[in-house]
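Note sheet for the following structure.
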There are 2 protein chains.
Amino acid sequence: MARAPGKSGQNGPMTHAYPSLTVEVASTVDRVAEELRRALFDGELAAGTPLREVALAESLGVSRPTVREALGVLVADGLAVREPHRGVSVVTPDLAAISDLSRARLVLESAGVRRWAEAGDEARDAVRSTLAAYTRAVTEQRSYAVLNELHLRFHLSLVALAGSERLVAAAETVYAELRLALAQVDRVRRDAHAQPESHLRILTPLEAGDLEAAEAQLCTHLADAEAAIRGALSEVAPKLGP
Amino acid sequence: MARAPGKSGQNGPMTHAYPSLTVEVASTVDRVAEELRRALFDGELAAGTPLREVALAESLGVSRPTVREALGVLVADGLAVREPHRGVSVVTPDLAAISDLSRARLVLESAGVRRWAEAGDEARDAVRSTLAAYTRAVTEQRSYAVLNELHLRFHLSLVALAGSERLVAAAETVYAELRLALAQVDRVRRDAHAQPESHLRILTPLEAGDLEAAEAQLCTHLADAEAAIRGALSEVAPKLGP
DNA sequence: GATCGTCAGATTGTCAGACAATGAGCCGAA
DNA sequence: TTCGGCTCATTGTCTGACAATCTGACGATC
């Protein structure tokens, strides 16, 4: 991209310094990592697929160190695994991983729900607005990718109620891994429309101040989600088990 | 973390496959990252210190890409921050970060405590043994580094009660950041000996099946820890805070 | 005197090429 | 068949290089 010898456009002499105007120039590594993430979430790479450095480098038009660093990001996010001298490959989610992830998200989200009363107004508003956006997108028959994105955003807003950025960051990696598992068993996609009322059953008791009911609803909702993924996964790969 | 599931065949030239005999031949990047971590935890690098790539490379006898990758690990762990074209520098913990971290660890550890009954026997035994090891180390007047390590290991074993490796991994990064904050205000070290009975007040009700009491004890313990760090930090950097 | 443009130095971001170490698969021999 | 060695592919690491950008100081302009 930046191969042309001169981006001669000198756009420097701005007369005013406007606040909070950031030009989103992500680094090459970030762009590569984002592209790989997209490919993973879109199911273009099956579980266990090795991610060869040289092939990716010439395919994406960047150098091998750049690809290597981007792969490190994916590994840190839990979307890929690196084995010494064998390279990086897409994770293969098994039932144990789904169980682990589901337990983690239950802990994170219920912690947020339990702090509904103590959370800030903006955090509570975020929960309301993300659910509204998700519901609206469902009625508007938006694409699966959009629905998925808004759905996850709602659950993230629940975690944010706990008031810790670190917990939200942890939840983001959990959701990334779950999202990848979903992409690899993409038959679950048709279920993605039945969700809004299930989420509303969480928010309604919250607004009413009934934290226990909200937590119970969340618990069943997450248990249902786990069961759906487990079912789809065991159909796809019926070889696992204790 | 879940490494390769046991599909590693016996095709090696070794005649016997001894269990749990690992040759600790970590990669160069891991060694560099570990060395940097040690330096950070030992307080050899003050908050905000820039970590220059070339200087570290020739100081450690490795190449710049290797250092660069190791710095990426530190950034991913939250121990350093990277600013575009300005490099990586040691994080400077402020009161907001301490608050954030404390809330996160409260969520993670109380989630573990709450699942004491449902946790596996080995997880409960791990809590007992780590506390015993810590107590023994205190009576034996071990070094501060050893005490710190065992202390953290006990709290990690609490998180492990929740039964999710991802949560334990998240807790590890939280503790890493907290540990760094502690190292930077190292006047708190003298308090490190007064802890065993405080932890025993958590375990005792657990063994008795009184989860609420255990959680309450944990809450006060963590609140005390946060107050101690906050106090030390505001002495060191008395410029922050609304 | 203050603000701004410009320049040199330092540092990072990215690239290209290279080499050794390691792992995987193939083929021949006991 | 099973074992041992060979070849190839891939990664881990190094060296060197260049462009983009930040920092700080110097001088010009109002």
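First the proteins, then the strands, lettered A, B, ... as listed; each starts at 1.
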message: Taking A:Gly163's backbone N and O only, do any of them form a donor-acceptor pair with B:Arg103's side chain (distance below 3.5 Å, no angle check)?
response: yes
- prompt: Using the ring of each side chain (for Trp, its six-membered ring), is B:His155 parallel, tilted or perpendicular to B:Tyr175, with breaks at 30° and 60°?
  reply: tilted
message: Can you confirm whether more than 12 heavy atoms, excluding those of B:Arg82, are under 6.0 Å from its CZ atom?
response: yes
message: I want to check something: taking the side chain as every heavy atom from C-beta on, are A:Ile229 and A:Leu178 in contact at a cut-off of under 4.5 Å?
response: yes
- request: Side-chain contact test, heavy atoms from C-beta onward, threshold under 4.5 Å: evaluate it for A:Arg179 versus A:Glu149 and give yes or no.
  value: yes
[X] [atom1] - [N] [atom2] separation (whole Å):
| X | N | atom1 | atom2 | answer |
| --- | --- | --- | --- | --- |
| B:Arg86 | C:dG9 | CZ | P | 21 Å |
| B:Arg82 | C:dT14 | CZ | C1' | 13 Å |
| A:Glu53 | C:dA16 | CD | C1' | 15 Å |
| A:Glu83 | D:dT11 | CD | C1' | 13 Å |

- line: Closest to the 5' end of DNA chain C, once B:Arg52 and A:His85 are matched to their nearest nucleotides, is B:Arg52
Contact residues, residues 61-75 of chain B to DNA chain D [heavy atom, < 4.0 Å]: B:Val62, B:Ser63, B:Arg64, B:Pro65, B:Thr66
field: Ion pair check, A:Arg166 and B:Glu177, cut-off under 4.0 Å
entry: yes
